[in-house]
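Side-chain atoms are counted along with the backbone in the values below, which use heavy atoms only and exclude waters and symmetry mates.
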Amino acid sequence: MHLLIFITLFLSIVHVHGQETTTIDRERQAYICANSVLDLVFVLDSSASIWEPDFYRQIKFVENIVKQFEIGPAYTQVGAVTYGQTYWHKFHLNRFNQKKPLLQAIKRIRYRPGSYTNTGDAIKYMNEEMFTENHGDRFLSRNIAVVITDGRSQEKNKTREMALAAQRRGIKMFAIGVGKKVSQRELQNIASDPDWEHVFEVDNYKALDSIKDTLTSRTCYELTTAGPPATTPTPAPPVNVWDENNRRIIHTTRWNRTTITKWTEEDELLRRLEEERQLREQEEQRRLRDLEEQRRLNEIENEQRRLQELENEQRRLREFNAEQQRLRDLAEQNRLRALDTEQQRLRDIAEQNRLRALEAEQQRLRDLAEQNRLRALEAEQQRLRDLDEQNRLRASEAEKQRLRDLEDEHRRRMLLGEDQRRQNELEDQRLREQEQERNRLEAEKRRLLDLEADRVRRQEEADRLRREQEAERLRREQEADRIRREQEAERRRKLLEDEMRRRQLPFGNANRWGVNGLGLFNNGRRNGNMELTSRDKPDMTFVVPESANGVDYKKLFGRCNDKPADIYFVMDSSSSIGRQNYKKQKSFLVNLVRKFDIGSDKTRVGVIPFSNDYRVAVPLGLINDIGGLSKAIHNIPYTRGGTHTAAALKYVKNFGFASGTSRQNAAQIVIVLTDGYSRDPESTKHEAKKLHDAGINTFVIGIGDGIDMEELRSIASEPNDKHLFLVDDFNALDSIKDLLVSRACDIPANSIVVCQTAGPMDIVFMYDTLNLGSERTDSIANFIFKVVDVFDQQAFNNIMVRRYIDYCPIDTQTSLMLPRDFLSLRGEVRPGMYDILKKFMTGVQNKEYNNARPVGITFIDSKLDDVETILPYIKSISDTNIFAVVIGPEPKFNTSDMRNVLLVPSYEALDELVRLFLRHFCTTLSNVNLNTVPALL
């Protein structure tokens, strides 16, 4: 018993002593790092391969490193530079002398994506510009650089040369590689020797903090805490080590590990005296430099004063010459002015003489004209008198003739009498009938116009009624769904109340805590049960079982909890909305977002308002908490303008769910809110179709009576009755939020397959255009373009594409020849699909595809091509990837055991099978340097 007590007491003492030693070591390390004299520069990667949140994790890592040092001219100085296709200087070593403004400057560093990774120029700038005396480099301090990168630089040799140049200057280089794309060889080239001490690799930017303490320690001591595996111990550089026996610091060489346990007041005093001596030396050097600089400035000032006097003398000479020139110019101007005056006087005299002569000539011409006028007037008067006389004679003769004609007419009428009267009456009747017919035709025309106008009105009324009926039908469906949801919520509430009553749990007013099937549970878990916490009574917590009496409460109340989703809200910000309605629209979005489980691994939300153009107000996944997301939505400004819906939909399709932004196996949802027609309906329909083709589920909310039903149906996914909502005004938006959340939760997650190559790959498309004809060839070509477009959207830089469309080793054209010679061509055989395959295999055997895996995709027509020869040949090839698409009736050859054959019933079905082909293609080749992963096509 005494022995057991002794052993227990001994172990306790050893444990306490170990804890004290560890604590002393940590405090010693923190003290030395905090008081180190370092010039430290961070070289940070800002290329386009870095996601913006990861860049700010990199900034946070730098901030955590800097916090461990004492900042000041006598301690540690810090500089920073970022790089992409070029470098961007942020601040030099001597810019900040205190820790607080330095940390604030680090936080202000912004993400500036570059098109590629130019590490070499960044290291060169750091070496030649930042580690200089003008920018804060101190003579007695240690120079340390930390380079962080997540990829490979485009100029590896330059990067290596610049790193070696920096190391030759005595700069200690640390290299940190993030991710799996970094080159370990390049990290070793950048870092100082030994590599195991100066090279760090982490899986992602979140893991940077895991190396924070190790990097800080190695930065302070310039030696490792644990060497690489070796059969014999390896010495490290000489360091200052605490001697426990003599209680002093000695300069010695350690082996593989550094152990510093205590720090005496004498050591502290020596260190302070050494620092003061160094500071005095630096101050003296600075004073001497200032005196030399002052002497040089005095000499420059004297030289400048002499040059100024020379310039003043030259200026006086120039002014004297200018004054003489001015006087000469003035005399010349006076002479010219006098000459001009004399010339003007002579011109005036000549003009006066000319005017007098002209007036005399004009007077003579007027007199002559007056004489001619008088003569003409007299001749005209005589002519008129002669004409009057002739007219009088003619009138007298005409009057006599008229009287004779009247007498003859009277005698003729007396002879004609009754016949002429009857003819006149018939003529009058015919004219009256023509007038009546014209009136009747005019009336008929007016009646037809009235009928057409009435028909148009009836058609417009019918269209209006049809639109109202359609809107009413959708409203009734929404109302029915709402009633069903209320009934379901009531049923759930009763089930929950009965279960809690059965378990004798305090339930209270269930509706008070939102027991309506939405937003009831959070993600807290305790012993397999879900927690329900009241906001009104934070001291009350209910524990609801996941299932009881055959009721799955988790499924009943939390349909979205375990299903990740990426949702974009595309909301109208045009002038037709109005500022007040725009606020209501934002409030609706906030209320709607609160219905979802927001989180980085659950539902993520992005918001894009649009008017004349779109704007990403809230990037997808940037804010993953309800409070921050609600504040961001409320702060979105109202822009006004037109309704450019197509631009917003195009952005969502091309960039909203791009790789690196959206998540794998997450439902992709777009919810569009609008109150009117878009600016370009055709473009809007076109972009909406692209969204649907990409598998993105689109909901549409039409607000008010100014909407275009046809356009809304084209934007909404099928079926329209599940994806299209109509409300009378903005006040009615909240009435549909529960139904909208329910239908959004029903959207399944994506599970589309896409290829990821393990190395370079050359894809060769093969088909026989001469045999297929133009129509079938066009169908195959369109199919190929859609497949290649998917590869292009995925930005596969290691895939090359080509095609073989025919193979004619014989001449397709002949020269003119005799008929008997032409008949000799009768037995000539034209190559076909089999020969194209043989040509591809010959290229593979001859290694025409350098450092890349060749993959052949052949299109075979089961009616036109020799299927019974081609398919066995494909099956016999085992060392090359060949994929066959057989179009037409199923061939007789058994293809059930051939995974690399896809049967397509017709050419019309090709367009619909692009996704199926890609899935089958990737799955078939998954065992040959290809991987199938869930991703977005």
Side-chain angles (χ1 to χ4, degrees), residues 20-41 65-79 92-103 130-145 169-172 192 213 215-225 235-255 257-293:
E20 292 177 354
T21 303
T22 302
T23 304
I24 293 172
D25 289 344
R26 290 179 179 175
E27 292 177 354
R28 170 67 178 144
Q29 175 178 341
Y31 180 84
I32 292 178
C33 287
N35 293 274
S36 297
V37 180
L38 302 176
D39 287 337
L40 178 60
V41 174
I65 292 293
V66 172
K67 287 180 179 178
Q68 302 186 55
F69 294 94
E70 184 69 26
I71 304 301
Y75 296 99
T76 297
Q77 296 184 145
V78 178
H92 285 297
L93 293 167
N94 55 1
R95 177 65 178 85
F96 298 102
N97 294 326
Q98 295 181 356
K99 183 180 293 185
K100 183 175 181 180
L102 175 60
L103 293 176
M130 302 193 72
F131 281 111
T132 60
E133 184 177 354
N134 290 337
H135 292 150
D137 184 24
R138 296 167 293 180
F139 178 72
L140 297 177
S141 65
R142 289 174 291 173
N143 294 339
I144 296 177
R169 284 192 59 198
I171 300 174
K172 284 290 183 178
S192 300
D213 295 336
L215 177 61
T216 305
S217 175
R218 293 182 182 179
T219 302
C220 295
Y221 296 111
E222 293 187 25
L223 52 89
T224 184
T225 58
V239 294
N240 293 324
V241 180
W242 173 259
D243 186 358
E244 181 66 30
N245 296 326
N246 298 320
R247 300 189 62 78
R248 63 189 182 89
I249 293 178
I250 61 175
H251 191 68
T252 183
T253 299
R254 303 301 305 269
W255 295 83
R257 187 175 61 184
T258 299
T259 304
I260 301 176
T261 58
K262 292 185 179 296
W263 182 262
T264 64
E265 294 180 358
E266 180 182 358
D267 298 327
E268 175 65 18
L269 180 60
L270 290 175
R271 189 186 67 80
R272 290 294 184 185
L273 291 174
E274 178 64 19
E275 289 180 354
E276 291 177 0
R277 184 186 65 78
Q278 292 176 359
L279 289 176
R280 285 195 300 274
E281 289 179 356
Q282 292 176 3
E283 185 65 28
E284 181 65 20
Q285 291 175 358
R286 189 178 297 108
R287 188 181 65 80
L288 293 175
R289 284 197 302 271
D290 291 342
L291 291 174
E292 179 65 21
E293 181 68 18

Atom [atom1] of [X] and atom [atom2] of [Y]: how far apart are they, to the nearest 0.5 Å?
X: Thr76; Y: Ile144; atom1: OG1; atom2: CD1; value: 8.5 Å
X: Thr216; Y: Phe69; atom1: OG1; atom2: CZ; value: 5.0 Å
X: His92; Y: Asn134; atom1: NE2; atom2: CG; value: 9.5 Å
X: Arg138; Y: Gln77; atom1: CZ; atom2: CD; value: 4.0 Å
X: Glu133; Y: Arg289; atom1: CD; atom2: CZ; value: 4.0 Å

Closest heavy-atom contact between [X] and [Y]?
X: Met130; Y: His135; value: O-CB, 3.8 Å
X: Phe131; Y: Asp39; value: CE2-O, 3.5 Å
X: Leu40; Y: Leu93; value: O-CD2, 3.5 Å
X: Glu275; Y: Val37; value: OE2-CG2, 4.5 Å

Answer yes or no: is there a side-chain heavy-atom contact under 4.5 Å between Lys99 and Leu102?
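Counting from C-beta outward, Lys99 and Leu102 never come under 4.5 Å.
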With sequence neighbours excluded, tell me which residues meet side chain to side chain donor-acceptor pair (under 3.5 Å) with Glu274.
Arg277, Gln278
Partners passing side chain to side chain donor-acceptor pair (under 3.5 Å) against Glu283 (at least two apart in sequence or in another chain)
Arg286
What do you reckon, is CD of Glu293 surrounded by more than 12 foreign heavy atoms closer than 6.0 Å?
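Yes, CD of Glu293 has more than 12 neighbouring heavy atoms, counting only those of other groups under 6.0 Å.
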Heavy atoms from other residues, nucleotides or ligands near CD of Gln98 exceed 12 (cutoff 6.0 Å)
no
